[in-house]
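Report on the structure given below.
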Amino acid sequence: GQPGPLRASRQRRARRGRGRGRGRGDEETAGREGREGKAKEEEGEGKSRRRAKRKRKRGGEGKPGRQKAKEAAGLGAEARAKTGPGREGEGGGSVEEGARGVVKGDEGSAEGGKEVQGRDDGKKEEWRVRTGRREDTRPGRAQRREGQAWGGIAGTGAAMAAAAAEEEAAAPESTARPGAGPTLWRLPEELLLLICSYLDMRALGRLAQVCRWLRRFTSCDLLWRRIARASLNSGFTRLGTDLMTSVPVKDRVKVSQNWKLGHCREGILLKWRCSQMPWMQLEDDSLYISQANFILAYQFRPDGASLNRRPLGVFAGHDEDVCHFVLANSHIISAGGDGKIGVHKIHSTFTVKYSAHEQEVNCVDCKGGIIVSGSRDRTAKVWPLASGRLGQCLHTIQTEDRVWSIAISPLFSSFVTGTACCGHFSPLRIWDLNSGQLVTHLGSDFPPGAGVLDVMYESPSTLLSCGYDTYVRYWDLRTSVRKCVMEWEEPHDSTLYCLQTDGNHLLATGSSYYGVVRLWDRRQRACLHAFPLTSTPLSSPVYCLRLTTKHLYAALSYNLHVLDFQNP
């Protein structure tokens, strides 16, 4: 017959008394029960995570019980935030009280007839709260555990999706100039470019790893031009002209390091059954190569290290092997062993051939609408390319020696001949293109038989030559015509059949034995790298060399080889 409030207060005092009177045995029993409950809870946690993961895939939500426990932990965190970090330990902990209040209100654990069950539930919820407290003190682990255990809860999943969306939205903004950081980055870009232009390649690479904005900034071509001009085969001439404006300079510098270190992958593009003396030319994405009395045109595949097997075109007309040919003004001008010169239009079937020399035509060149040819009959001749005047000889020059090589000056005012050096004069002589008169001869100390097999102009006043005397010589007409500026000797005393240059620092030569291709840095005397392309039974000279910024092509007796420096 006692009032309701009085009876409830007595029941609370009775429960507190029973809690104070609990002995050590009860505590051990409670601890054991707590551990067992913890193990069961962990097992249940694993199952619930798997179920929550499956439900997330199906668009479902997690269990209501877990949502209540999560709300309890959230209320506890809010209470602790209100009390402040300094008052967290007062009164047994606000997190515990908030969690217990919610759990007791939801589950009705204050009923007197279910004390044992209430204690067990209280221990489980207390363990959850303690776990939540540990997660609050370690934010990183708390976020990861919440993502794993509570991923199926609708509210939490939405919050995590919102956070992910914010991160994605912030990612493109990081490519903008950083607002904070050193004062240096807040300078105008023009000043930054000037400052960073003094950095070397290694420093620019490290600077690009700082942030996305600096990575974009350091990819500017202006910062790499100075480095590229000092690199090997980077597409810049000695005068600084960029020959490959469509390719980023930074990418060319990367490939240039492979040329410097000799890192490349060797492959064979073409094979033929009988021994040949092939010559080749490159134009855009096409390769032109002579085989016997034909000239075949092939198209490169996108990688540049392979060819389409079916030729684009076949150009014929000579009765004997093609000794030499050049590309000029959409024409192929070929020199044959039958003493004839052939003129072929690349994009049509137009072909004209005419008798030019009494013996085989060893070399030919064409620039500015003028054709020059050199022959074994000890003459060099000048011809027009105009269609109405084909076959009309403009000048016949008596060289008094067999002509092996010929080249027209970039100014179209003169041409140089390389002869067999069997007379008492220099094998390198320069002739006036308009009058056919001798202008000068180069060098004065050639030994007998030091014939020049290949010669090329690098600029109107500089040229390169190589041949039987195993030397590559660099001539500068502005300094002296009696002595070369620099020379490089083949280490194995092999005849040098051909040479090729990038117009700056790289020089490539082809030797007469074992198909050896050598790379030279013209700032050094010694050979940089050597690549033997044939074995002893198949020893062959390298008859022709061509190179791009990524590949080197070498024509031998039986094969056309490629050295891929882009993908070593």
Side-chain angles (χ1 to χ4, degrees), residues 233 235 243-244 246-247 251-252 255 258-259 262-318 321-328 330-335 342 344-349 351 497-502 506 508-510 514-517 519 531-535 538 540-568:
N233 198 16
L243 303 177
M244 300 186 64
S246 60
V247 182
D251 296 343
R252 285 183 269 166
V255 179
N258 294 331
W259 289 89
H263 296 165
C264 63
R265 177 167 52 90
E266 181 185 343
I268 296 178
L269 296 180
L270 294 172
K271 294 182 180 181
W272 36 88
R273 296 180 180 178
C274 57
S275 178
Q276 307 278 347
M277 295 180 63
W279 193 259
M280 64 177 171
Q281 297 287 351
L282 302 179
E283 186 178 68
D284 298 331
D285 59 346
S286 300
L287 169 76
Y288 297 83
I289 187 167
S290 64
Q291 295 181 23
N293 59 337
F294 298 97
I295 299 174
L296 289 85
Y298 292 91
Q299 186 176 17
F300 284 108
R301 290 175 181 169
D303 60 355
S306 58
L307 294 171
N308 292 327
R309 292 300 178 185
R310 184 184 297 273
L312 294 175
V314 178
F315 305 91
H318 289 282
D321 289 357
V322 176
C323 299
H324 199 281
F325 70 91
V326 293
L327 306 178
S330 300
H331 289 79
I332 300 176
I333 294 89
S334 59
H344 318 268
K345 281 192 175 181
I346 294 177
H347 302 295
S348 70
T349 57
T351 298
Y497 272 60
C498 56
L499 60 85
Q500 192 70 14
T501 177
D502 66 342
L506 181 69
T509 59
Y514 311 118
V516 175
V517 174
L519 298 182
F531 304 96
L533 301 181
T534 62
S535 56
L538 298 175
S540 165
V542 179
Y543 290 109
C544 186
L545 284 175
R546 292 293 179 267
L547 57 85
T548 65
T549 57
K550 301 175 182 178
H551 304 90
L552 185 146
Y553 305 96
L556 279 68
S557 298
Y558 292 93
N559 302 310
L560 174 62
H561 293 256
V562 58
L563 298 179
D564 186 357
F565 289 87
Q566 183 182 19
N567 303 301

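The number of heavy-atom neighbours closer than 6.0 Å to CE of M277, taken from other residues, nucleotides and ligands shown, is 12 or below.
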Worked verdict on I268 versus L560 for side chain to side chain contact (heavy atoms under 4.5 Å, CB included): CA-CA 6 Å; I268 296 178; L560 174 62; over 6 Å; no

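Here the CZ-CD1 distance, from F315 to I346, works out to 6.0 Å after rounding to the nearest 0.5 Å. Between H331 atom NE2 and T351 atom OG1 the span is 10.0 Å, to the nearest 0.5 Å. Taken to the nearest 0.5 Å, the CG atom of L547 stands 6.0 Å off from the CG atom of L506. Atoms CD and OH, from Q276 and Y558 in turn, are 9.5 Å apart once rounded to the nearest 0.5 Å. Distance CD/Q281 to CD1/I289: 11.0 Å, rounded to 0.5 Å. The line from CZ of R301 to CZ of R309 is 7.0 Å long, rounded to the nearest 0.5 Å.
In terms of heavy-atom proximity, A554 sits nearest to V517 at CB-CG2, 4.1 Å. In terms of heavy atoms, H561 sits closest to L533 at CE1-O, 3.4 Å. Looking at every heavy atom in both residues, S306 comes nearest to L269 through CA-CD2, 3.5 Å. Of all the heavy atoms in Y288 and A297, the pair that sits closest is CE2-CB, 3.4 Å. Pairing each heavy atom of W279 with each of C323, the nearest pair is CB-O, 4.3 Å. Of all the heavy atoms in F325 and S334, the pair that sits closest is CB-CA, 3.7 Å.
Using a 4.5 Å cut-off on side-chain heavy atoms (C-beta onward), D564 and C264 make no contact.
Applying the side-chain contact (heavy atoms from CB on, under 4.5 Å) test between M280 and each of L270, L287, L545 identifies L287 as the sole match.
Distance alone, capped at 3.5 Å, is enough to place a donor-acceptor pair between the W259 side chain and the T549 backbone. At least one donor-acceptor pair closer than 3.5 Å links the side chain of S540 to the backbone N or O of S557. In this structure, the side chain of D303 engages the main chain of A305 through a donor-acceptor pair within 3.5 Å. Under a 3.5 Å cut-off, the side chain of S290 and the backbone N or O of P278 do not form any donor-acceptor pair. Under the 3.5 Å distance criterion, the side-chain polar atoms of N233 are matched with a main-chain donor or acceptor of T548.
In this structure, Y543 and Y497 have perpendicular ring planes: the angle between them is above 60°, well past the 30° mark.
For the residue pair N258/Q566, the side-chain donor-acceptor check at 3.5 Å is not satisfied.
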